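Here the structure is laid out as structure tokens; the discussion comes afterwards.
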Amino acid sequence: MINSFETYHPIVLFTFFVAAIGMGMFLMHPVFLAITIFSAMSLNFALRRGRFLKDWKLYVPLFLIMAIINPLISHNGKIVLFYMNGNAITVEAICYGLAMATMLTAVMLWFSSYNEVITSDKFLYLFGKISPVLALTLSITMRLVPHFTEQLSRIAKAQKTMGMDYSTGSIVQRSKSVMRIISILITWALENAIETADSMKARGYGVGKRSTFSLFVFERRDSWVLAIICVLLSVTLVGSVLGYATFYYYPTFSVISGEWQSFVMYGMYFMLLMLPLAIELKEALKWQSLKSKM
């Protein structure tokens, strides 16, 4: 499990993910896309290990669907492979579909990593003073889907042990099993909402101004890492504005620049996204060095 990066101040962690997700949502240049998906997969694997592989059951079908849909609905492009029902299937549309699928998959991986690193207490620390109600609402909402998914898995396993396996039997039996699982999940969700409301009421939520407490301290190392993120992000943004991250798929592919400025941009973007893993590697080497001296 990755440990070092998670111990940095919430401002540093939040800034990194805003930079990674923000840049990843707009850069469609093939080199930048390759760096984005490689970095997103590497960090997600370092954070989640076994769960990373399980999630690809969802990511692979979504990737294929997104990649296939574009050439079916977009017929722009100069390099025609064949015609389907009189509509041209072009290489440009296929490549654009693959690029879009890669970008969306990378963004989902970044958000998955974000949920692992930015916990509820970190999120409330960042935004609790600005808008306590909004911060609490967003925190509960962001945990809603993973919490429901986890509970759904538990219910399905419990039902399976009772002979109500939704993956076996006739369609009618499977439908009954699925409806039973959904019914239990909704009941649990309503009870959980009532318990949460009672708990908040018992703790005095909404009565007067609330004080906050946290153990987060902004140390010197946080300032250094935050400065590095800001410098790398600024250089990447300036390069993007100057056109070094621009790539056109229609009407046909533009040329990937081989200028040294472009390689500097690629390097800066790579260093920005690989910063968490670099920190983890540095700490691992430092720990090994200390162990060798014992």
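Note that the structure is a prediction, hence the values are computed from the model and not measured. Quick note: residue numbers are just sequence positions, from 1.
In this structure, CG in Leu272 is found 11.0 Å from CZ in Phe270, a value given to the nearest 0.5 Å. Met108 contributes atom CE, which lies 4.5 Å from atom OG1 of Thr105 (distance to the nearest 0.5 angstrom). In this structure, the separation between CG on Leu285 and CG on Leu290 is 11.0 Å, given to the nearest 0.5 Å. Rounding to the nearest 0.5 Å places CD1 of Ile89 at 9.5 Å from OG of Ser74. Distance check: Thr236 OG1 to Leu273 CG gives 8.0 Å after rounding to the nearest 0.5 Å. Atom CG in Asn115 sits 10.0 Å away from atom CG in Asn44 (nearest 0.5 Å).
Put simply, the residue from Val178, Ile182, Ile184 that forms a side-chain contact (heavy atoms from CB on, under 4.5 Å) with Arg180 is Ile184. Just one of Val117, Thr119, Ile118 meets the side-chain contact (heavy atoms from CB on, under 4.5 Å) condition when paired with Glu6; it is Val117.
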Might you work through the side-chain contact (heavy atoms from CB on, under 4.5 Å) test for Leu43 and Leu109, ending with a clear yes or no? CA-CA 9 Å; Leu43 180 60; Leu109 287 169; over 6 Å; no
Kindly determine whether Phe38 and Met274 satisfy side-chain contact (heavy atoms from CB on, under 4.5 Å), including the steps that lead there. CA-CA 9 Å; Phe38 175 76; Met274 294 297 288; 4.0 Å; yes
Any chance you could lay out the side-chain contact (heavy atoms from CB on, under 4.5 Å) test for Tyr8 and Ile279, step after step, and finish with the verdict? CA-CA 10 Å; Tyr8 278 75; Ile279 290 172; 3.7 Å; yes
Can Tyr114 and Phe14 be said to form a side-chain contact (heavy atoms from CB on, under 4.5 Å), step by step? CA-CA 8 Å; Tyr114 171 92; Phe14 188 76; 3.7 Å; yes
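Side-chain contact check for Thr246 versus His29: every heavy-atom pair is 4.5 Å or farther apart. Contact check for Thr15 versus Leu233: no side-chain heavy atoms found under the 4.5 Å cut-off. Leu226 places a side-chain heavy atom less than 4.5 Å from the side chain of Phe218. Looking only at side-chain heavy atoms (C-beta outward), Thr36 and Trp110 come within less than 4.5 Å of each other. Residues Leu72 and Met84 have side chains in contact (heavy-atom distance under 4.5 Å, counting atoms from C-beta outward). Looking at Lys157 and Ser153, their side chains come closer than 4.5 Å, going by heavy atoms from C-beta outward. Side-chain atoms of Leu33 and Leu27, non-hydrogen and from C-beta on, never get closer than 4.5 Å to each other. Taking 4.5 Å as the limit, some side-chain heavy atom of Glu259 sits within range of a side-chain heavy atom of Tyr244.
For the pair Ser199 (side chain) and Glu195 (backbone), a donor-acceptor distance under 3.5 Å is absent. Looking at Glu92, its side chain does come within 3.5 Å of a backbone N or O of Ile79 through a donor-acceptor pair.
In this view, Tyr125 and His9, Phe216 satisfy the ring pair (Phe, Tyr, Trp, His ring centres under 6.0 Å) rule, not counting sequence neighbours. In terms of the ring pair (Phe, Tyr, Trp, His ring centres under 6.0 Å) criterion, residue partners of Trp188 (sequence neighbours excluded) are, by chain and number, His147, Phe148. Scored by the side chain to side chain contact (heavy atoms under 4.5 Å, CB included) test, Met100 finds Met28, Tyr96, Met103 as partners (sequence neighbours excluded). Residues passing the ring pair (Phe, Tyr, Trp, His ring centres under 6.0 Å) test with Tyr269 are Phe32, sequence neighbours excluded. Applying the ring pair (Phe, Tyr, Trp, His ring centres under 6.0 Å) rule to Phe263 yields the partners Tyr266; only residues at least two apart in sequence or on another chain are considered. The side chain to side chain contact (heavy atoms under 4.5 Å, CB included) check on Met271 picks up Leu232, Met268, with sequence neighbours excluded. For the salt bridge (charged side-chain N to carboxylate O under 4.0 Å, His left out) test, residues two or more places apart in sequence or in another chain that qualify with Glu150 are Arg154. Remark: Tyr83 engages Val80, Ala88 in a side chain to side chain contact (heavy atoms under 4.5 Å, CB included) (not counting sequence neighbours).
A continuous path of hydrophobic side-chain contacts links Phe26 to Ile229 [ILVMFWY only; heavy atoms under 4.5 Å]. In the hydrophobic cluster analysis, where Ile, Leu, Val, Met, Phe, Trp and Tyr join through side-chain heavy atoms closer than 4.5 angstrom, Ile155 is grouped apart from Met162. Hydrophobic clustering, with ILVMFWY side chains joined whenever heavy atoms are under 4.5 angstrom apart, groups Val18 together with Val238. The cluster map of Ile, Leu, Val, Met, Phe, Trp and Tyr, joined by side-chain heavy atoms under 4.5 Å apart, puts Val225 and Val217 in different clusters. Linking ILVMFWY residues whenever their side-chain heavy atoms come closer than 4.5 Å, directly or via other members, leaves Val91 and Ile73 in distinct clusters.
When all heavy atoms of Met265 and Gly239 are compared, the closest pair comes out as SD-CA, 3.3 Å. Residues Ser254 and Phe247 come closest through the heavy atom pair O-CE1, 3.0 Å. Asn76 approaches Thr90 most closely through the heavy-atom pair O-OG1, 2.5 Å. Across every non-hydrogen atom of Ser4 and Glu280, the tightest pair is N-OE1, 2.9 Å. Scanning both residues, Ala99 and Tyr249, for their nearest heavy atoms gives CB-OH, 3.3 Å.
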Which pairs would a plain distance check flag for residues 59-71, meaning a side-chain donor or acceptor within less than 3.5 Å of a matching protein atom at least two apart in sequence or in another chain?
unit_1, atom_1, unit_2, atom_2, d
Asn70, ND2, Ala93, O, 2.7
Asn70, ND2, Tyr250, OH, 3.3

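Under the salt bridge (Lys or Arg N to Asp or Glu O under 4.0 Å) criterion, the residue pairs touching residues 221-246 are Glu219-Arg221, with sequence neighbours excluded. Residue pairs satisfying the ring pair (Phe, Tyr, Trp, His ring centres under 6.0 Å) criterion with at least one member in residues 275-294, sequence neighbours excluded, are absent.
When hydrophobic residues (I, L, V, M, F, W, Y) are linked wherever their side-chain heavy atoms come within less than 4.5 Å, Met179 remains an isolated member.
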